[in-house]
Amino acid sequence: MRSLSVRTIAGQVLAVQVLLVGLLIVAATTALILQARNDSEQEAVRRATAVAQTFATSPGIVSAMGAENPTVRLQPRAEETRKRAHLDFVVVADTKGIRYTHPRPQFIGKELVADWRPVVKGKIVTESVQGPLGREVQATVPIPRANGTVAGVVCAGVTAADVSGRVERQLPLVFGSAAGALAFATGGTALVGGRLRRQTRGLGPAQMTRMYEHHDAVLHSVREGVLIVDSHGRLVLANDEAGRLLDLPRDAEGRPITELGLEPRTAELLASGRVATDEVHLAGDRLLAINQRPTRWDGGMSGSVATLRDSTELRALSGKAEVAERRLRLLFEAGSRIGTTLDIVRTAEELTQFGVPWFADFATVDLVEPVLRGDEPTGNAMRRTASSGIRADHPLWRVGKMITYAGGVPQALGFGAGRPVLEADLRAYEGWQELDPEQATKVVTYGIHSMITIPLRARDVTLGIATFWRSEQSDPFDEDDVALTEELVARAAVAIDNARRYTREHAMAATLQRSLLPQGLPDQDALDVAHRYLPAQAGVGGDWFDVIPLPGGRVALAVGDVVGHGLHAAATMGRLRTAVHNFSALDLPPDELIAHLDELAGRFDQDQAASGGDAPGISGASCLYAVYDPVSGRCTMAGAGHPGPAVVLPDSTVTFPDIPLAPPLGLGGEPIETVELELPEGSRLALYTDGLIRDGGRDFDEGLRVLRTTLAGLPEGTPEETCQAVFDTMTSAHPGDDIALLVARTHLLDPGHVAEWELPSDPAAVARIRNEAAEQLAAWGLADIAFTTELILSELMTNAIRYGCAPSRVRLLRARALICEVADGSSTSPHLRRAATTDEGGRGLFLVAQYALRWGTRYTPNGKIIWAEQPLTDPMLPLADTEGEDLLDQWDDIPG
């Protein structure tokens with residue numbers, strides 16, 4: 001408030017405003033008081049009139065007036081009415097004005113102080129009189145008889161003191177409101193005064209006048225244009241020099257800058273309010289150097305002020321500066337538009353598309369053929385990789401053409417020397433026509449007259465040639481264009497070389513990944529299998545799948561996922577897939593196989609940590625392993641960190657079996673559990689990686705719902721159709737993670753193709769079972785392999801009787817191959833060895849290995865099974881020339 005001194009304009013305005021507000025508030029308060037007094041008095045008259053009329057017309061009043069002593073009857077009623085109506089008096093008088101009642105009894109019998117004579121004639125009179133109670137406001141009404149005459153009068157009212165009391169009770173509210181209004185008005189006036197003080201900087205009238213005179217003198221006498229533009233782009237002020245330099249109209253102030261006929265670039269600068277320092281703009285035949293800064297007040301943007309200086313003498317220098325600015329802007333734009341991807345062809349296209357029409361009418365890029373494959377450039381044979389032009393009907397060679405530049409052709413000279421070649425006038429130079437004179441003639445006839453060819457060099461390697469052409473009305477290329485184009489092409493060459501290296505590494509990783517994934521599905525009869533694999537957009541990943549035939553006609557299905565992408569993920573995937581193959585060769589149960597795989601993954605991580613390498617470990621990889629037996633229809637599975645499969649029953653019911661949860665591979669510490677399913681023939685198993693479920697930003701539950709719906713909608717779908725439908729529904733064009741899908745439809749082995757026998761611990765049973773097996777083979781149409789089968793069964797049964805323990809069983813399976821199985825309760829396994837000449841035994845397994853395609857041992861919860869497989873056709877010949885009976889006679893366990 002001290003700053004609002006009356007010496008300043010703000011202080012004077014504040015004083016005047018406070019005085020005016022005070023006068024207005026006093027006048028308003030007085031008017032309110034007078035109005036309140038009048039309203040109270042009118043209200044008292046209306047209330048008195050109503051009470052008097054009600055009393056005058058109430059029953060018994062007329063009869064009381066004719067009584068011998070009216071006062072006795074009327075006085076109590078009048079007092080009761082007065083009190084109930086909150087009046088100061090209710091007085092009843094006769095037609096001569098003599099009171100019958102009064103609040104003060106001493107006034108009864110005296111003449112009524114009122115204008116009662118008109119009332120006797122039937123009128124109602126309201127008035128303010130000086131009565132016994134002081135100044136009174138009253139209403140006098142007649143008491144009518146039934147015949148219309150007046151029996152007397154009733155006078156009711158209040159004293160003036162009572163009316164004043166009512167007004168006085170309202171005075172605190174009136175004065176409080178007035179004080180609040182005065183405080184509010186004073187505060188608002190102070191705020192306005194403060195703002196005015198800030199705007200006037202606390203100046204007084206004399207100082208303001210002097211400042212305006214100085215402002216006017218300086219503003220209109222300087223030889224530099226000054227413009228002030230508000231935040232809406234309207235011209236607020238322009239001095240004389242600004243009006244002259246910009247040729248402004250007289251009514252320019254207050255109009256938008258864009259409507260003053262200025263050069264578009266100048267108008268854009270002035271309207272934008274952006275900061276500018278010595279920007280050169282053309283205004284008619286003048287060159288103006290414009291400086292512009294924002295104007296601020298209390299931190300808020302309110303507009304801008306610009307100064308203009310005539311710099312016409314710098315025209316030539318400004319022209320060169322514009323050229324330099326254009327070229328710098330060109331190179332800056334090139335950095336953001338060329339090399340946006342790691343695709344060689346796309347980068348070459350971006351170079352040609354950027355060059356046209358910035359500084360050329362046509363542009364072509366030719367790359368050495370190996371570069372397109374990601375290899376090191378060798379030779380000089382090039383392929384036209386990209387081409388752009390202002391017109392599509394140009395005669396230049398099209399994309400895809402193989403070209404070998406030689407001789408004096410500028411491209412050959414530039415490619416060989418590694419430097420740019422300028423041909424400003426193609427019509428005057430014939431060397432470039434040596435390669436194809438006919439095509440060169442078409443180019444010149446078309447109107448192309450100037451050319452720059454620049455080798456694409458990066459890291460001391462020439463990748464190809466970029467050529468830029470001008471035609472028709474364009475100026476010929478000059479040396480300045482060469483320098484600019486060389487810088488542009490050098491940046492593009494680095495981007496192409498980066499893309500080439502990425503292409504090479506990606507091809508290597510993709511080749512490695514393809515080599516590590518199954519190249520085809522093995523032949524087997526238990527399952528119809530189809531698969532799909534889609535790598536992530538980020539590149540090669542670590543998802544994998546496998547189908548592994550097992551002994552006994554069984555088939556193993558495996559799906560896994562390695563965290564990450566790139567060569568390391570692909571190599572890790574190969575290691576895990578190989579490990580699964582190796583472990584499955586041991587015919588381990590799923591839980592044991594996963595446990596071994598988990599231990600192996602942990603060992604891989606330990607070796608990686610010990611080597612000090614920075615490659616990520618295997619921890620976090622997952623695997624699901626399932627074994628299907630077509631004889632029993634059972635599927636046993638176990639997993640580590642991997643989602644369970646989807647099972648589609650023949651009636652299209654889709655379930656997701658609950659696989660016991662185990663941590664991902666390499667973490668260890670948790671037991672691996674299996675789950676066993678009974679699958680009817682024709683059921684479908686869908687094994688997948690979580691990339692399928694989560695693709696497109698879905699959460700896991702939503703992904704399972706979509707998968708369930710898709711599988712249920714294909715009741716008769718083959719595995720191939722199922723894979724395609726799932727991929728069409730659930731995958732995007734560029735998934736964020738690898739996706740692997742394996743769909744298998746189950747088959748059951750015909751019970752008629754299974755033969756079983758109990759094997760007693762009696763050597764004599766061998767011959768019986770061997771003969772029955774021969775009969776079964778004959779029934780199956782496999783009599784050609786009966787001899788070798790008898791030989792194999794005899795050896796396996798004899799070993800089971802000699803070295804095994806009960807219970808023992810023999811089983812023949814006719815599938816893709818003939819499978820012989822002998823099971824016993826022992827966990828010891830026979831080993832193949834070469835018997836010495838003097839050994840009495842040890843030759844049986846050697847013969848089994850010679851006659852069987854494969855043989856081996858697998859362990860069961862109750863013992864082991866020795867198995868051997870034989871082809872159904874083209875049986876193997878007996879060893880040497882030994883007769884079959886002679887071979888059988890070598891077994892002393894066979895009775896004669």
Side-chain angles (χ1 to χ4, degrees), residues 8-10 12-13 16-17 192-322 325-326:
T8 65
I9 293 179
Q12 295 173 1
V13 170
V16 171
Q17 289 179 329
V192 173
R195 181 176 181 84
L196 181 61
R197 179 190 60 79
R198 290 192 297 272
Q199 292 178 342
T200 59
R201 304 301 178 102
L203 299 178
Q207 293 172 311
M208 288 290 292
T209 302
R210 189 161 55 251
M211 185 184 69
Y212 175 77
E213 293 173 349
H214 293 169
H215 163 270
D216 191 62
V218 172
L219 190 63
H220 295 286
S221 62
V222 297
R223 300 300 299 168
E224 190 169 284
V226 178
L227 294 173
I228 297 179
V229 181
D230 65 14
S231 58
H232 300 291
R234 293 186 179 88
L235 181 62
V236 176
L237 181 144
N239 69 346
D240 297 341
E241 184 66 7
R244 184 184 69 82
L245 294 176
L246 297 176
D247 195 20
L248 297 175
R250 292 184 177 275
D251 60 344
E253 293 184 359
R255 293 172 56 185
I257 285 290
T258 54
E259 298 179 4
L260 299 181
L262 305 180
E263 292 290 332
R265 185 163 167 258
T266 304
E268 184 276 330
L269 170 62
L270 297 175
S272 68
R274 62 179 174 84
V275 174
T277 302
D278 288 334
E279 280 195 20
V280 179
H281 289 253
L282 187 64
D285 58 350
R286 301 184 183 92
L287 285 177
L288 302 180
I290 301 178
N291 290 273
Q292 184 166 266
R293 294 292 184 274
T295 59
R296 299 176 183 273
W297 186 257
D298 289 344
M301 186 76 71
S302 61
S304 59
V305 58
T307 61
L308 301 86
R309 186 173 63 255
D310 191 350
S311 303
T312 306
E313 66 277 5
L314 301 177
R315 180 185 297 270
L317 182 59
S318 176
K320 293 182 179 180
E322 286 186 3
E325 179 189 3
R326 177 176 176 272

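Just so we're clear, the structure is a prediction, and the values are computed from it rather than from any experiment.
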Apply side chain to side chain contact (heavy atoms under 4.5 Å, CB included) to Asp310 and Leu245, showing your working.
-> CA-CA 8 Å; Asp310 191 350; Leu245 294 176; 4.1 Å; yes
Quick one: side-chain contact (heavy atoms from CB on, under 4.5 Å) partners of Arg244, sequence neighbours excluded?
-> Arg223, Glu241, Arg286
Which donor-acceptor pairs under 3.5 Å do the side chains of residues 254-262 make with protein atoms, sequence neighbours left out?
unit_1, atom_1, unit_2, atom_2, d
Arg255, NH1, Asp251, OD1, 3.0
Arg255, NH2, Glu259, O, 3.0

Glu224 vs Leu308 side-chain heavy atoms within contact, under 4.5 Å | no
Do Leu248 and Leu227 touch side chain to side chain, with heavy atoms closer than 4.5 Å?
-> yes
For Asn291, enumerate each residue passing the side-chain hydrogen bond (donor to acceptor under 3.5 Å, both in side chains) test, keeping only those at least two apart in sequence or located in another chain.
-> Asp278
Do side-chain atoms of Arg265 reach the backbone of Leu282 as a donor and acceptor pair under 3.5 angstrom?
-> no
Whether Asn239 side chain and Gly225 backbone form a donor-acceptor pair below 3.5 Å = no
When you look at Gln292 and Val275, which way does the side chain to side chain contact (heavy atoms under 4.5 Å, CB included) test go after all the steps?
-> CA-CA 5 Å; Gln292 184 166 266; Val275 174; over 6 Å; no
Hey, are the side chains of Leu288 and Val280 touching, using non-hydrogen atoms and a 4.5 Å cut-off?
-> no
One should read off an interatomic distance between Ile228 CD1 and Leu235 CG, to the nearest 0.5 angstrom, of 9.0 Å
Would you please name every residue forming a side-chain hydrogen bond (donor to acceptor under 3.5 Å, both in side chains) with Thr307, sequence neighbours left out?
-> none
Tell me, please, which residues at least two apart from Glu263 pass side-chain hydrogen bond (donor to acceptor under 3.5 Å, both in side chains).
-> none
So, for Leu269 and Ser272, which heavy atoms are closest and what is the spacing to 0.1 Å?
-> O-OG, 2.8 Å
Any donor-acceptor N or O pair under 3.5 Å, side chains Ser304, Arg274 = no
Checking side chain to side chain contact (heavy atoms under 4.5 Å, CB included) for the pair Val236/Glu253: CA distance, chi angles, key distance, verdict?
-> CA-CA 5 Å; Val236 176; Glu253 293 184 359; over 6 Å; no
Dump the intermediate steps for side chain to side chain contact (heavy atoms under 4.5 Å, CB included) on Ile290 and Arg309, then the final yes or no.
-> CA-CA 7 Å; Ile290 301 178; Arg309 186 173 63 255; over 6 Å; no
